Amino acid sequence: MVEQYNPTVMDHFMHPRNMGDMENPDGVGHIGNPQCGDIMEMYIKVKDNVIIDVKFKTFGCGAAIASSSIVTELVKGKTIEEALKITNQQVVDALGGLPPIKRHCSVLGEDALKSAIDDYLKKTTGKGIEGWQPHEEEEHAH
Amino acid sequence: MVEQYNPTVMDHFMHPRNMGDMENPDGVGHIGNPQCGDIMEMYIKVKDNVIIDVKFKTFGCGAAIASSSIVTELVKGKTIEEALKITNQQVVDALGGLPPIKRHCSVLGEDALKSAIDDYLKKTTGKGIEGWQPHEEEEHAH
Amino acid sequence: MPTEAKRKVYFDNMANTPPDHRVIETMLLQTKEAFGNPLNIHDFGEKTAEVIESSRKNVAELIGATPAEIIFTSCGSESNNFAIRGIAKAYEKKGKHIISSAIEHFSVLQVLKALEKEGFKVTYLPVDKNGVINSQAVAKAITPETILVTLTHASNEIGTIEPIAEIGKIVKDKGIIFHVDAVQTAGTIPLNVAEFQVDALTLSANLFYGPTGIAALYLKKGTRIVPFLVGGTQEEGKRAGTQNIPGISGMGKAAELAKQEMNARSEKLIPLRDRLLKGLTEKIDDFFITGHPTNRLPGHASGVVKYIEGESMSMLLNMEGIAVSTGSACVSKALKASHVVLALGVSPEDAHGSLVFSMGKDASVEDVDYVLAKLPPIVKRLREMSPLYPKKKGAK
Amino acid sequence: MPTEAKRKVYFDNMANTPPDHRVIETMLLQTKEAFGNPLNIHDFGEKTAEVIESSRKNVAELIGATPAEIIFTSCGSESNNFAIRGIAKAYEKKGKHIISSAIEHFSVLQVLKALEKEGFKVTYLPVDKNGVINSQAVAKAITPETILVTLTHASNEIGTIEPIAEIGKIVKDKGIIFHVDAVQTAGTIPLNVAEFQVDALTLSANLFYGPTGIAALYLKKGTRIVPFLVGGTQEEGKRAGTQNIPGISGMGKAAELAKQEMNARSEKLIPLRDRLLKGLTEKIDDFFITGHPTNRLPGHASGVVKYIEGESMSMLLNMEGIAVSTGSACVSKALKASHVVLALGVSPEDAHGSLVFSMGKDASVEDVDYVLAKLPPIVKRLREMSPLYPKKKGAK
Ligand SMILES: Cc1ncc(COP(=O)(O)O)c(C=O)c1O
Ligand SMILES: Cc1ncc(COP(=O)(O)O)c(C=O)c1O
């Protein structure tokens, strides 16, 4: 298993970026469930439609932690619209690849971000991301 | 397999006793069939109701050859009545044992002898061994 | 990316033990010398037959069986597949009910699942919070249709030693076939098939310092079984295929050594195990032991670190040179919380935080203390990251 | 009672080849080093995974496959059982007809027999007097119900090389799964799964100077199969059980060597084989060759010595230090005349006198000449004992 994680993944696992709590976040995302062994929380701070700060906390495997970490890097400084375009494939690519059975972690990363944006939109506009809902757990190949 | 043959069996296989043809035998036994891979022929010479000479020829495995050889030793000098009492178990015992899957060879040995005596009795008295017939091939665990 | 940690602590002996050097020497010698086919009629084959039979004798003696009752197979899974399917099929005219438990290895569970599809009924007995199967529950589960009871002697995941002798008596009184998966116990703790009244027993060399790729099924004389692997007449017609000479010779040597050294190994390992369990409990808050606190495999310490997940813990331990298992050794790729830990009544999120430390005969106090020094900061670090770790506690 | 013959000639390489010393060295090294469970998350497991995957690559390269298409098993019999049963079960909704031949190994025939009991129909194609399966007969036997064709590439008993590529083309055109038992050919003669258009192929290390106890099944990407051995997720979920590290490492090395040395080995063995066949025919009256006179395995010479029986010949040859097979290596305990030799149209009594001389890569002209010197007096001696030897000929 370890050998299946490339050095980028290992680096994000060992030195996760933007990990921790956030005081007064503008949006909070929460995704996953304990039965599946992965839970991600993502907090965003938004100013002028731009995500100026982001933090995460993750309960999960190495890939889950690395995926959360890279998502925070990908999203920082992006507008809401740009952030919404981030896909799990981009997460995988930014990590330089994930072992096949760990690809669902990148989906969780995408979903955690969208969940935070959804929360932010609901709080600010009263309406979440149009038509969005998190991927089904079944898809995650547990 | 080789190790399953004890030294007595090996000795009889390597140095079979009373092997060969016989001129004008008084009784000829023939048992086995080529499909099963074992054929024994036994020839006896009888004088005053005593088996004074015996020879065999065998197509078959090491145990078949050793069984034929030991039967000729067991029977030489015996009266017809004594010879008829020889059982396959005595053949096995005289050889000091045979591997389980080779025990049918001792049965062939007994049968070859009886077949020769049967032939002798038929020729001299017009009647073979009462109630005797060779064992079924099925029994021989082929 | 292998770690550069200077100390290496291999605490994953329930997944596989490193072969003893004496075992490897025996394998080397006999692989060179015994290459003739033992079914064929020549000295080369005889030599091989001798190696096989002397190894079979050693394996038989390890568990109090006769050599003719030992069938060599390729792994514990094959022995389990063979025993359960083969016995079920041989006795199905008598009935189609099988009793097993909730803490069996996948190689047992998957066969049972397949048999259920083929019309068998299986009762999976629960275990108590320490992982113990209740022998009275076995008695109660027996019906006139019951043909087979198949239970593990100890699960690799929790190490609890099950009351097999007690259960054996109950099962035998009813004339039912009793199969025991002793992969974790044979060669490790005393085990006698007559005393335990078992009819079939799975054992595997790789759990007692023998090589991988070789295991055995003990099958009591007279017990019927439908062969699993069919073809030639090897293993008295019960298991086809040219025999594994390196493996069989290694298993024979390992069995011999296990019999001689078993007590000494346990006497050394039990205090180490208890030191580790005590240390973990003291140094890590919200940690609890899984499996029985005392009646467990000599070198086996397992438990749950709450709020964090096993794979990330293993990875960080690996960075320190420490090898452990999380959940089932054989299926950690399945990413599922261990069904064995769940069977103890542990919640799914806690089950994801389970760790198994399994020490081998060469483990030392220093190894234990090294683990006890390295684990707490790892736990602290991962808890800081965990959204489940209660805020009030703060990062500890 | 091992013989004291000074010269030892091991001509039973179709039953088992002695492992090459370079194979044994690799096994020794990797058995010491690779003991971690490859499913677990630590460097010890990584090391093992590397050994397994590098060996898988070597095995794949030997037959022109990709590594992901190689599944390690414990013997040729297991691969055959797994392939035939697993493919039949995976495709049974498409149809229940299987095509095979009269000269298959018992590990193929027994599975087919079992499947027949479960409702499959099997066509056993005959062979010609040289043991060749007619590819047009395969074409004719195909029905809309046919899901699987399973044929040997060469029988251990007669050595004839079957026209697998020709048959592969016919079978593929019909979209039927094609399994080949290449135990006797993989690692011995060139073999490319793409060229031969096979979907599944059995190969075994112990026929190309690897150890016993390890074999593989090539399964073409996309081919469905129902697992045989169930449990953990090893071998991508296709074959459960902790992997055989000594065996896998040995098989990998043996495959590498076979690829490099195959041509040189054949170039040496073919003239030896032909010298032996010619010598036997010249020196022994009423001897005939079994199998194809020229299109046969490089080191394989087989034939029938009329009027006498194989076991007694082998025993006397063994006294001279010569090891050969009589009938099927794997079943000589069955005492039955070989079904393969019978399939050539040989009579049962003649079939009992069949011998197989199979030379290994280290065979020499001296070995061949030694056999040619020792066999004729043995034949003479046994014929003197045989009631079948025509009197008119007298003892020769
Ligand atoms: C053609 C063929 N197939 C299958 C096998 C079975 O191989 P194993 O005995 O390794 O299971 C053999 C063994 O000699 C064989 O010759
Ligand atoms: C209790 C138990 N049974 C069976 C097995 C399966 O053994 P193997 O992987 O050697 O097939 C294991 C393996 O860890 C085990 O722990």
Side-chain angles (χ1 to χ4, degrees), chain C residues 2-3 10 12 15-19 24 27-28 31-32 35-37 39-44 46 74-78 80-81 105-107 110-111 114 206 211-214 229-234 240-247 311 314-315 318 323-326 329-334, chain D residues 2-3 10 12 15-19 24 27-28 31-32 35-37 39-44 46 74-78 80-81 105-107 110-111 114 206 211-214 229-234 240-247 311 314-315 318 323-326 329-334:
Chain C
T3 155
Y10 181 73
D12 196 16
N16 195 39
T17 53
I24 295 180
M27 290 171 69
L28 176 68
T31 301
K32 271 185 193 151
F35 56 80
N37 187 313
L39 293 184
N40 285 358
I41 302 159
H42 45 61
D43 291 355
F44 303 90
E46 287 320 320
S74 68
C75 55
S77 298
E78 183 186 333
N80 282 340
N81 277 235
H105 188 261
F106 278 97
S107 56
Q110 300 259 27
V111 186
N206 72 319
T212 53
I214 185 72
L229 223 167
V230 295
T233 58
Q234 292 92 347
T242 300
Q243 282 117 326
N244 177 352
I245 298 307
E311 185 195 295
S314 319
M315 282 172 67
N318 183 53
V324 301
S325 271
T326 165
C330 304
V331 290
S332 37
K333 279 195 179 166
Chain D
T3 157
Y10 182 73
D12 196 16
N16 195 41
T17 52
I24 296 180
M27 290 171 70
L28 176 68
T31 301
K32 270 184 194 151
F35 56 81
N37 188 313
L39 293 185
N40 285 358
I41 302 157
H42 45 61
D43 291 355
F44 302 90
E46 286 322 320
S74 68
C75 55
S77 299
E78 183 185 334
N80 282 340
N81 277 235
H105 187 261
F106 278 97
S107 57
Q110 301 260 25
V111 186
N206 72 319
T212 53
I214 185 73
L229 223 168
V230 296
T233 59
Q234 292 93 347
T242 299
Q243 282 117 323
N244 177 352
I245 297 310
E311 186 196 291
S314 319
M315 280 172 68
N318 182 53
V324 302
S325 271
T326 165
C330 304
V331 289
S332 37
K333 278 195 181 167

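Chain identifiers are assigned alphabetically (A, B, ...) following the order of the sequence lines, protein sequences preceding nucleic acid strands; residue numbering begins at 1 within each chain. Bear in mind that the values here come from a model prediction, so they are computed numbers and not experimental data. Side chains are part of it too, since the values below use all heavy atoms of this structure and drop only hydrogens, waters and symmetry mates.
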Legend entry - Part of D:Gln243 within contact of chain C (heavy atom distance under 4.5 Å): backbone

Legend entry - Engaged part of D:Tyr10 at the chain C interface, taking heavy atoms whose separation is under 4.5 Å: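 Both the backbone and the side chain of D:Tyr10 come within 4.5 Å of chain C.
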
Inset, instruction - Name the member of D:Ser314, D:Gly76, D:Pro211 that forms the most heavy-atom pairs with chain C at distances under 4.5 Å. - result: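 Heavy-atom pairs under 4.5 Å are most numerous for D:Ser314.
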
Legend entry - Donor-acceptor pair, side chain of C:Asn81 and main chain of D:Val230, under 3.5 angstrom: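 Yes: the side chain of C:Asn81 pairs with the backbone of D:Val230.
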
Inset, instruction - Kindly say whether D:Ile214 contributes a backbone atom to a donor-acceptor pair with the side chain of D:Asn244 at under 3.5 angstrom? - result: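 No: the side chain of D:Asn244 does not pair with the backbone of D:Ile214.
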
Legend entry - Winner by heavy-atom pair count (cut-off under 4.5 Å) against chain D, out of C:Ala240, C:Gly247, C:Ser77: C:Ser77

Inset, instruction - Grab the two heavy atoms, one from D:Ser74 and one from C:Glu78, that are nearest each other, plus how far apart they are. - result: OG-OE1, 4.3 Å

Legend entry - Option passing side-chain hydrogen bond (donor to acceptor under 3.5 Å, both in side chains) with C:Asn40 (candidates D:Asn16, D:Asn318, D:Asp12): D:Asp12

